[in-house]
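To start, the structure under review is shown below, and the notes come after it.
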Amino acid sequence: MPVLPIVRLGHPSLRTPAQPLPPALLARPEIQGLIDSMVETMRDARGVGLAAPQVGEELQIFVYQAAGPPEIPLRVVVNPLVTPQAREVAYDWEGCLSIPDLRGLVPRHPRVRVQGLDREGHPLDYVVMGFEARIVQHEYDHLNGVVFLDRMRDFKTLAYFDEWEQYLGGRSPQDLDDTAVG
Ligand code: NI
């Protein structure tokens with residue numbers, strides 16, 4: 001499946017609420033092909049998540065996967081509803097494949113419930129925590145025209161990758177995979 005171009009901030013797809021996918025269309029080759037291409041595109045870009053609007057498709061589909069640790073197996077989520085399971089928030093670093101090179105501290109709920117459909121149309125209903133909850137909220141935001149910059153509470157933590165690495169993150173390269181970039 002082809003790797004797709006990832007649209008960047010300024011492209012209207014990133015600011016347009018995505019449409020639900022009629023479940024009857026899920027089995028269509030063009031939709032299954034789009035999902036395969038999204039997975040390939042995410043892996044090629046070394047991201048941990050990708051939402052359909054990031055490849056210019058205003059549909060409620062996102063994919064995510066992380067090599068870890070902790071390893072997060074590939075998930076495909078269609079027509080999601082993401083609900084916080086706790087009032088508190090936790091801050092951690094995020095980046096976005098559609099906002100290349102920037103990192104910032106973003107508050108997210110540490111535990112969320114995910115409901116939706118998998119790529120075969122089977123219902124999904126599960127609870128995720130920590131890093132996976134962060135990825136899910138980042139990708140879910142993309143389906144609502146929201147990017148991580150909108151969630152930041154203090155732009156003083158916004159930094160280019162090299163400067164973040166040097167002055168803010170203080171992390172070794174293998175730890176960089178822990179940063180939610182979707
Ligand atoms: Ni993103």
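Everything quoted here is computed from the prediction, not taken from an experiment. We number each residue from 1, following the sequence as shown. Counting starts at 1 for both ligands and their atoms, in listed order.
Contact annotation: the side chain of Val82 approaches that of Val112 to within less than 4.5 Å [non-hydrogen atoms, C-beta and beyond]. Between Val146 and Arg151, the closest side-chain pair of non-hydrogen atoms falls below 4.5 Å.
Using modelled atom types, one side-chain atom of Ser98 and one backbone atom of Val7 make a donor-acceptor pair closer than 3.5 Å. Put simply, the side chain of Gln137 gets close to the backbone of His109: a donor and an acceptor are under 3.5 Å apart.
Under 2.8 Å from the Ni ion (ligand 1), one finds the following protein N/O/S atoms: Cys96 SG, His138 NE2, His142 NE2, Gly182 O.
The pair Arg119-Asp36 meets the salt-bridge criterion, with a side-chain N (NZ, NE, NH1 or NH2) lying under 4.0 Å from an Asp/Glu carboxylate O. Under 4.0 Å is where a charged nitrogen must lie from a carboxylate oxygen, and between Glu94 and Arg108 at least one such pair does.
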